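As the structure is a computational prediction, the values presented were derived from the model and not from experiment. Chain letters run A, B, ... following the sequence lines, proteins first, then strands; residues in each count from 1.
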Number of protein chains: 2
Amino acid sequence: MSEVGAPVVVGLELQERMVSLVRAFGLHRPDETPCGQPVSVAEAHALMELSREEPLLQKDLASRLRLEKSTVSRLVRVLEGRGWVGRTRSPHDGRAVELRLTEAGRRTAAGLAEARREKFARVLEAIPEEERAPVLRALGVLEEAMNEGG
Amino acid sequence: MSEVGAPVVVGLELQERMVSLVRAFGLHRPDETPCGQPVSVAEAHALMELSREEPLLQKDLASRLRLEKSTVSRLVRVLEGRGWVGRTRSPHDGRAVELRLTEAGRRTAAGLAEARREKFARVLEAIPEEERAPVLRALGVLEEAMNEGG
DNA sequence: ACTAAATAGTTGTGCCTTCGAACTAGTAGG
DNA sequence: CCTACTAGTTCGAAGGCACAACTATTTAGT
């Protein structure tokens with residue numbers, strides 16, 4: 001920053017934009033996904049993480065979702081109840097629980113991914129072509145900054 | 001992206017980035033308010049909107065926050081109870097209610113803005129200087145696209 | 001080994017958020 | 001004047017999330 005005041009001013013913009021972005025996204029309503037599926041946002045994210053890596057320890061799921069372990073405990077219980085994930089004690093650590101997607105869970109996750117993809121494809125189409133790559137880049141930069149400085 | 005399939009692929013990236021962004025931001029936790037004041041997020045957002053434009057009709061506050069009118073009704077009642085906003089019937093429309101910040105409300109809003117500014121300034125400092133403007137631009141573009149294409 | 005500190009999960013509690021439906025009141029058009 | 005629409009209010013209920021307290025397991029320190 002070359003000036004003292006500049007980051008402050010821009011900081012104001014940043015937060016306001018983030019706020020409206022989140023609300024525009026429908027994330028202030030965590031009990032349903034913005035993609036219209038009958039799954040809560042947290043559940044959808046959990047399935048997404050499990051699709052990415054499996055098995056996953058419950059504590060790792062918690063840190064990826066940035067949720068309290070108690071919250072994750074309940075979340076996982078729900079997912080198990082729906083038949084989407086299975087739980088097994090870790091062979092390496094008797095305290096830990098390994099999570100795995102069931103077949104049904106995998107199907108659900110795939111469906112969610114599909115719905116998300118469609119939604120975002122629509123969003124992307126609303127972005128001028130030459131802006132798309134910059135926008136994606138910017139999001140990456142922002143996330144990295146948030147992990148460091150936030 | 002001159003190919004047909006490209007937007008879909010990029011769409012996948014976009015959604016994953018959004019998800020991690022939101023969680024990295026702590027926006028999945030609605031009751032977090034880094035400021036010393038006992039203010040909830042929804043209240044903070046309302047104060048923010050009122051700081052931006054005043055007076056504001058209650059229905060307009062609702063559409064800006066993307067909340068149901070009933071939700072906003074309650075929210076406003078709380079804010080009024082804390083002495084932060086005043087309500088008057090609109091002179092032009094006997095049904096509508098005009099919202100205005102009180103002096104105390106203005107002070108609170110200023111305090112909140114300050115706290116947010118500090119938090120976001122740290123994030124911004126973690127962004128390379130030449131990236132800051134593009135990032136902000138990108139957020140704006142993205143929100144607009146979400147309003148149209150979402 | 002044996003105890004103390006740390007770690008993974010579970011459950012109890014309480015706060016906060018939001019929505020939808022039903023109802024009142026003011027407005028606008030024919 | 002009657003009807004349809006719009007702004008708000010109130011009621012009820014579904015959920016999400018965190019913190020604290022408690023159990024079971026693992027890891028360190030002596």
(request) Tell me what A:Ser40 touches on the nucleic acid: a base, only sugar-phosphate, or nothing, going by heavy atoms under 4.0 Å. (result) sugar-phosphate
(request) Could you tell me the separation between the CG atom of B:Leu56 and the P atom of D:dA7, rounded to a whole number of Å? (result) 13 Å
(message) In whole Å, I'd like the distance from the CD atom of B:Glu68 to the C1' atom of D:dA7.
(response) 12 Å
(request) Decide whether A:Trp84 and A:Thr108 meet the rule of one side-chain donor and one side-chain acceptor closer than 3.5 Å. (result) yes
(request) Measure from CD on A:Glu32 to P on C:dC19 and round the result to the nearest Å. (result) 9 Å
(request) Measure from NE2 on A:His92 to C1' on C:dT7 and round the result to the nearest Å. (result) 17 Å
(message) Whether B:Arg116 and A:Glu16 form a salt bridge (side-chain N of Lys/Arg under 4.0 Å from carboxylate O of Asp/Glu) is what I want to check.
(response) no
(request) Quickly work out the A:Asp31 CG to C:dG20 C1' distance and round it to whole Å. (result) 12 Å
(message) What is the distance, to the nearest angstrom, from the CG atom on B:Leu67 to the P atom on D:dA7?
(response) 16 Å
(request) In sequence, state the C-alpha distance, the side-chain angles, and the governing distance for A:Glu114 and A:Arg117, and then conclude on salt bridge (charged side-chain N to carboxylate O under 4.0 Å, His left out). (result) CA-CA 5 Å; A:Glu114 174 63 22; A:Arg117 208 186 57 210; 2.7 Å; yes
(request) Could you tell me whether a side-chain N or O of A:Arg89 sits under 3.5 Å from a main-chain N or O of A:Gly94, the two making a donor and an acceptor? (result) yes
(request) Find the distance A:Leu61:CG to D:dC17:P and express it as a whole number of Å. (result) 12 Å
(request) For A:Asp93 and D:dT23, give me the distance from atom CG to atom P, rounded to whole Å. (result) 19 Å
Find every protein N or O atom lying less than 3.5 Å from an N or O atom of nucleotides 9-13 of chain C, and list the pairs.
unit_1	atom_1	unit_2	atom_2	d
C:dG9	OP1	A:Gln58	N	3.2
C:dG9	OP1	A:Val97	N	2.8
C:dG9	OP1	A:Val97	O	3.3
C:dG9	OP2	A:Lys59	N	2.8
C:dG9	N7	A:Lys69	NZ	3.2
C:dG9	O6	A:Lys69	NZ	2.7
C:dT10	OP1	A:Arg87	NH1	3.4
C:dT10	OP1	A:Arg87	NH2	2.2
C:dT10	OP2	A:Gln58	NE2	2.7
C:dT10	OP2	A:Ser73	OG	2.5
C:dT10	O5'	A:Ser73	OG	3.3
C:dT11	OP2	A:Arg77	NH2	2.5
C:dG12	N7	A:Arg74	NH1	3.4
C:dG12	O6	A:Arg74	NH2	2.3

(request) Might you work through the salt bridge (charged side-chain N to carboxylate O under 4.0 Å, His left out) test for A:Glu54 and A:Arg106, ending with a clear yes or no? (result) CA-CA 11 Å; A:Glu54 210 181 349; A:Arg106 230 177 294 282; 3.0 Å; yes
(message) Let me confirm one number: the CD-OG distance from A:Glu49 to A:Ser63, rounded to the nearest 0.5 Å.
(response) 9.0 Å
(request) Determine the contact category for B:Leu75: base if any of its heavy atoms lies under 4.0 Å from a base atom, sugar-phosphate if only primed atoms, P, OP1 or OP2 are that close, otherwise nothing. (result) nothing
